[in-house]
Amino acid sequence: MASKEGTAGQSFGAVLAAVTTMSGNVSRSEKEHAHEFLEKFQKSIEAWTITHEMLQSPDVPVEAKLFAATTLKGKIIFDLDQLPAESILALRDSVLNLLVAYAAGPRPIQTQLCVCLASLAIQMLDWKDVLPTVGAALGGSAGDCVLEFLKILPEEVTEGRKINLSEEDLDSRTKELLEDNAEQVMHLLIQYAQSSPTASTNPRLLDCITSWMREIPASKIVDSPLMDVILKALDDDRSFESAVDSMCTLYRDTREVDDSLPIIQALYPRLMSLRPKIAEFAEAEDTDAYRGITRLFAEAGEAWVVLMARLPTDFRGLVEAVLECCARDWERDAISLTFVFWYELKQYVTLERYADARTGFSDIFSSLVDIMVKHLEYPRPEEGETDLFGGDREQEEKFRHFRHAMGDVLKDCCAVIGVNECLTKAYQLIQQWVSKYASQSSDDHVPNWQELEAPLFSLRAMGRMVDPEENVVLTQVIPLIVQIPNQEKVRFQAIMALARYTEWTAQHPETLEAQLNYVISGFQHSSPEVVQAAALAFKFLGTDCQKLLGGHIAQLHSFYESVLDKLKPASQEEITEGVAAVVAVQPLEKIYETMKLFCDPIMARIMNLANNAKDEEGQRAVADHLQLITIFILVVNPYVSPREENPAVKYCGEILPIMTTIVMNFTSSTPILERVCRCWRNMIISYRTAMTPLLPTLAQSLASGFEASREGCFLWATDAVVREFSEGAEFVDPSTSHAVFQFYEQQAVAFLRTLNDLPPENLPDVIEDFYRLSSDAVRYYPKECVTSSLSVPIFSAALSALTLQQIDPLMATLHYYHDLFSFAFDKPTVSEFTTSDGSSYTNPPEIREAVKQLIASQGQLLTQHILTGMMFSFPGECFPDASSVMMMLFELMPEQAGTWLQATLQMLPAGTMKPGEAERLLKGIFDKVHSGEVRKIRVLLQDFTNSYRRRNVAPREGLGRLEATRFRFSG
């Protein structure tokens with residue numbers, strides 16, 4: 001392994017040139033060519049020798065050496081079988097020699113070589129003296145390098161699943177390398193800590209201690225000199241972060257508090273002695289250190305939270321420390337680290353058995369409300385600056401996200417100390433602002449508006465916790481909110497707060513008019529955000545107060561028509577939802593005329609827009625207005641007996657021909673077609689069998705639309721028809737059900753013609769929608785589907801869909817196979833049918849046999865497509881479903897499935913499988929079949945295909961680094 005053959009130009013010159021290209025300023029095509037070359041190189045046999053030569057050569061740049069070390073790591077993990085067994089020992093010795101050469105750095109290369117050695121240690125089952133061998137090779141002067149190897153070994157053993165070892169061998173090797181060496185490693189770490197004067201400032205030592213905490217119990221660490229090293233390391237900038245990691249890892253080992261009480265009792269006072277650092281780091285405005293100290297206390301709180309609930313007096317100091325971390329966080333950067341703790345503590349102290357803790361911590365949660373509301377305040381810009389965040393949009397977005405997370409903490413506080421106390425705090429802050437600044441405010445100037453906006457936001461955040469029957473605080477707060485001044489952010493927050501309490505408003509109708517006027521006036525605001533907030537608030541007022549507004553249709557219609565055309569599409573939808581909710585509560589005899597009142601003007605807009613839709617923007621406007629009609633259909637869903645005409649369906653009958661005309665005029669406009677299909681689909685979902693009179697017309701429109709456009713949305717809408725009018729459905733006669741299946745077949749023929757004309761990669765959405773439709777057809781019409789003359793063409797077309805790499809069409813196709821195959825069993829898991837006595841559906845023999853014949857005729861091709869997909873092209877999310885289909889094949893016809901699998905494996909490129917790998921897979925599968933553990937076949941297939949893919953298909957590590965900016969290496 002260590003021999004040098006030839007010159008650099010002869011051996012690794014091409015690799016070096018490609019590496020230089022990858023990190024150089026060259027054209028995209030050159031980089032792609034270099035990338036492809038290096039990918040092949042990483043998996044080649046020659047890479048074993050060339051990586052060693054590159055690492056040994058003094059003339060190779062450091063970036064290229066890192067690539068060589070990373071490549072060697074991949075070879076050892078995935079390709080060790082490329083070497084003769086007798087060469088493995090020589091490989092180990094050469095890696096050790098390389099590690100000695102790089103013992104002083106650069107560290108990135110040293111780390112990769114340590115991973116190489118650790119991976120070899122896992123796989124070399126006969127290598128029993130790993131630690132002594134490595135220690136002897138590196139010698140006493142390479143302390144940091146030894147620490148690096150010791151740190152990496154437990155990490156790599158834990159990640160051992162990516163190494164191709166049996167479970168038994170991996171378990172055995174884990175015990176030998178970790179459990180059996182834990183005492184020795186701890187002795188070495190103590191020895192190093194006591195002999196090195198810089199031990200407590202060396203992050204490598206601390207990282208090594210942390211890594212071995214997987215094996216060394218926390219009790220031993222706490223009782224050893226290593227504990228002093230960890231605590232002392234918190235006093236030094238170089239080791240602080242690693243020391244925090246060590247402490248937090250100790251906490252995690254003490255989560256079983258009853259078993260760990262002596263350890264916690266030893267750790268707790270030492271932790272609390274660090275509390276002065278909170279103030280120290282805050283005063284120094286040291287952001288990183290402050291995050292670290294906050295994490296130190298917050299994660300201790302998470303680990304020991306049950307003890308705080310049991311012993312609130314004993315552990316109060318820790319809760320106060322976390323509170324102090326929140327209070328002093330000047331940048332609001334570390335406070336998020338405490339959120340999980342507050343949630344966990346709330347979960348415990350709100351249990352009845354911990355009522356004492358709830359009482360004992362109530363003052364802390366009360367203070368937490370004050371702290372959170374203060375942190376909710378927007379920053380105050382520098383004098384002369386108008387942008388609150390100085391133009392930093394990323395910081396602004398971070399602040400918005402952070403506020404909503406703090407809102408969750410306020411909900412936790414409500415649960416502990418009660419909603420009224422929390423609401424009162426917000427109310428008092430609003431009152432304070434009003435008493436101080438209301439008289440000084442105008443539309444142009446609102447002093448210190450941040451102090452008003454924050455409690456308004458908190459009111460909004462706590463809304464979910466407030467009972468609609470609340471009669472103490474909100475009766476004072478709501479009248480105050482509708483007097484809030486017109487400053488943009490304050491007005492926005494005031495309207496959003498009102499939107500959160502519309503359920504309360506429904507119980508307090510005397511407050512509705514003032515709120516409605518305040519919200520409606522928001523539509524005239526110059527700020528788009530305030531207008532959007534007004535639309536959202538109107539939606540909730542309409543939805544939750546629909547009965548209170550039911551007698552005001554004329555006024556609502558006038559308002560709706562006056563603002564609709566001024567709003568963005570999202571806001572148009574929101575006010576439409578509010579209006580539709582009020583229409584929905586009209587008396588049955590008024591539903592039709594009220595729908596016409598609101599929807600006819602929208603339809604007129606749609607027709608006018610359609611006549612002038614010459615570009616994409618115009619077509620989008622048509623689509624957006626079609627969505628408004630869909631909202632009415634979704635929301636206005638009156639109860640009508642089966643013997644009466646549904647007034648909403650009557651209106652649908654009037655607009656159906658217009659929509660069909662729009663479809664045929666815009667066969668290439670995806671937005672319009674999708675919105676029309678959504679509308680039609682929701683007609684079926686909302687009105688169900690009441691749509692029967694319109695069904696022939698609707699089916700013809702769906703068929704014509706799909707034929708003309710080849711858009712999958714028509715199949716998506718067809719799916720709703722198939723489900724609603726299936727065989728045996730209530731109020732559906734057999735002739736209608738039969739006609740619906742014929743309609744499905746008509747759509748299937750059109751789909752197959754489309755797939756015949758265009759390659760699958762051009763039709764991912766159509767394929768997805770068709771096979772989702774076909775899955776439902778199989779569920780609801782099993783006999784018709786499996787005996788249809790289209791069953792084989794549909795099955796075969798699905799095979800071509802399996803060549804795609806997009807998740808959605810693949811999942812839909814695999815689900816279709818799964819649902820179809822389930823009807824080869826006595827009791828299909830996907831059947832929607834029950835017998836007259838309510839028992840589960842039993843599958844007739846003729847259906848079972850028909851499915852098996854279908855599988856027998858196509859099984860070889862199906863196995864080939866699924867297995868090669870799992871090995872080469874399927875996204876990882878598809879693996880469970882793909883292996884599930886294969887498992888069903890083995891469950892149904894094991895001998896044939898074994899033959900199909902074997903034939904597929906024989907088609908793989910030579911040299912891509914390890915010796916005996918195929919035989920082991922087949923034997924493992926048949927062992928599971930014969931032992932009745934068929935479901936475990938999924939795991940075998942997934943393990944095999946994952947291993948194959950990692951070795952032969954997936955890119956190896958190292959290439960991404962070359963494309964990035966050159967690293968700066970240090971020893």
Side-chain angles (χ1 to χ4, degrees), residues 43-45 48 74-88 91 119-120 122-126 160-174 802 855-856 858-874 876 878-954:
K43 294 168 186 175
S44 69
I45 294 178
W48 290 106
K75 301 298 292 178
I76 290 171
I77 292 172
F78 300 119
D79 299 334
L80 203 57
D81 59 295
Q82 289 180 344
L83 299 176
E86 58 272 17
S87 301
I88 305 299
L91 171 64
S119 299
L120 270 174
I122 297 167
Q123 296 177 81
M124 293 178 67
L125 304 182
D126 294 332
R161 287 297 303 150
K162 62 187 176 184
I163 289 175
N164 194 28
L165 281 183
S166 69
E167 290 287 348
E168 294 78 10
D169 284 343
L170 187 58
D171 288 346
S172 171
R173 201 61 180 145
T174 299
L802 293 178
I855 294 172
Q858 304 285 322
Q860 175 63 68
L861 285 172
L862 178 62
T863 302
Q864 183 181 323
H865 277 79
I866 289 182
L867 201 66
T868 53
M870 290 177 71
M871 287 190 286
F872 293 100
S873 60
F874 284 176
C878 296
F879 276 43
D881 289 298
S883 57
S884 178
V885 172
M886 288 296 298
M887 181 189 75
M888 293 176 86
L889 291 181
F890 276 97
E891 199 168 354
L892 288 166
M893 37 188 71
E895 296 301 327
Q896 296 97 315
T899 303
W900 300 332
L901 179 63
Q902 192 167 25
T904 302
L905 294 176
Q906 288 170 353
M907 297 167 65
L908 294 172
T912 58
M913 280 199 297
K914 297 183 178 183
E917 194 173 11
E919 292 77 7
R920 284 195 300 275
L921 174 64
L922 287 164
K923 180 181 182 303
I925 287 174
F926 280 111
D927 285 347
K928 301 303 179 192
V929 170
H930 294 142
S931 65
E933 299 176 290
V934 181
R935 297 203 168 274
K936 293 187 177 178
I937 291 173
R938 294 178 64 175
V939 177
L940 292 174
L941 285 168
Q942 288 184 35
D943 285 352
F944 167 76
T945 52
N946 278 330
S947 175
Y948 183 92
R949 196 169 188 161
R950 281 195 297 260
R951 294 197 312 271
N952 300 297
V953 182

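What you see is a predicted model; the values in this text were computed from it and never measured. The chain is numbered in sequence order, starting from 1.
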(request) Identify, with sequence neighbours excluded, every residue that meets salt bridge (charged side-chain N to carboxylate O under 4.0 Å, His left out) alongside Arg173. (result)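 Arg173 satisfies salt bridge (charged side-chain N to carboxylate O under 4.0 Å, His left out) with Glu176 once adjacent residues are dropped.
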(message) Can you list everything that forms a salt bridge (charged side-chain N to carboxylate O under 4.0 Å, His left out) with Asp171? Sequence neighbours excluded, please.
(response) none
Side-chain heavy atoms of [X] within contact of [Y], under 4.5 Å:
X      : Y      : value
Thr174 : Ile122 : no
Arg949 : Phe944 : no
Met888 : Val934 : no
Phe78  : Lys43  : no
Tyr948 : Leu921 : no
Trp48  : Gln82  : yes

Considering all heavy atoms of both residues, which atom of [X] and which atom of [Y] are nearest to each other, and what is their separation?
X      : Y      : answer
Phe874 : Ala882 : CE1-CB, 3.9 Å
Lys75  : Ser44  : NZ-O, 2.5 Å
Leu908 : Met913 : CD1-SD, 3.9 Å
Asn952 : Thr912 : ND2-O, 2.9 Å
Ile76  : Gln123 : O-NE2, 2.8 Å

(request) Quick one: list whatever passes side-chain contact (heavy atoms from CB on, under 4.5 Å) with Val885, sequence neighbours left out. (result) Leu814, Tyr817, His818, Phe821, Leu862, Ile866
(message) So, using side-chain contact (heavy atoms from CB on, under 4.5 Å) as the criterion, who are the partners of Pro84 when residues are at least two apart?
(response) Glu86, Ser87
(request) Apply the side chain to side chain contact (heavy atoms under 4.5 Å, CB included) test between Thr863 and each candidate in Thr868, Leu905, Thr904; give the one that qualifies. (result)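 Option passing the side chain to side chain contact (heavy atoms under 4.5 Å, CB included) with Thr863: Thr904.
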(request) Decide side-chain contact (heavy atoms from CB on, under 4.5 Å) for Leu83 and Ile45; before the verdict, give the C-alpha distance in whole Å, the side-chain angles of both, and the deciding distance to 0.1 Å. (result) CA-CA 8 Å; Leu83 299 176; Ile45 294 178; 5.7 Å; no
(request) Output every pair passing side chain to side chain donor-acceptor pair (under 3.5 Å) with a member in residues 888-903, not counting sequence neighbours, ordered by first then second residue. (result) none
Enter the distance from [X]:[atom1] to [Y]:[atom2] here, rounded to the nearest 0.5 Å.
X      : Y      : atom1 : atom2 : answer
Arg950 : Met871 : CZ    : CE    : 14.0 Å
Leu867 : Thr945 : CG    : OG1   : 7.0 Å
Leu125 : Ser172 : CG    : OG    : 7.5 Å
Phe890 : Leu941 : CZ    : CG    : 6.5 Å

Is a donor on one side and an acceptor on the other found under 3.5 Å between the side chain of [X] and the backbone of [Y]?
X      : Y      : answer
Ser947 : Asp943 : no
Lys936 : Val929 : no
Arg938 : Met887 : no

(request) Return each pair, listed once, that meets salt bridge (Lys or Arg N to Asp or Glu O under 4.0 Å) where at least one residue sits in residues 908-924; pairs must be two or more places apart or across chains. (result) Asp81-Lys914, Glu917-Arg951, Lys923-Asp927
(request) Would you check if there is a donor-acceptor pair between the side chains of Gln942 and Ser883 at a distance under 3.5 Å? (result) yes
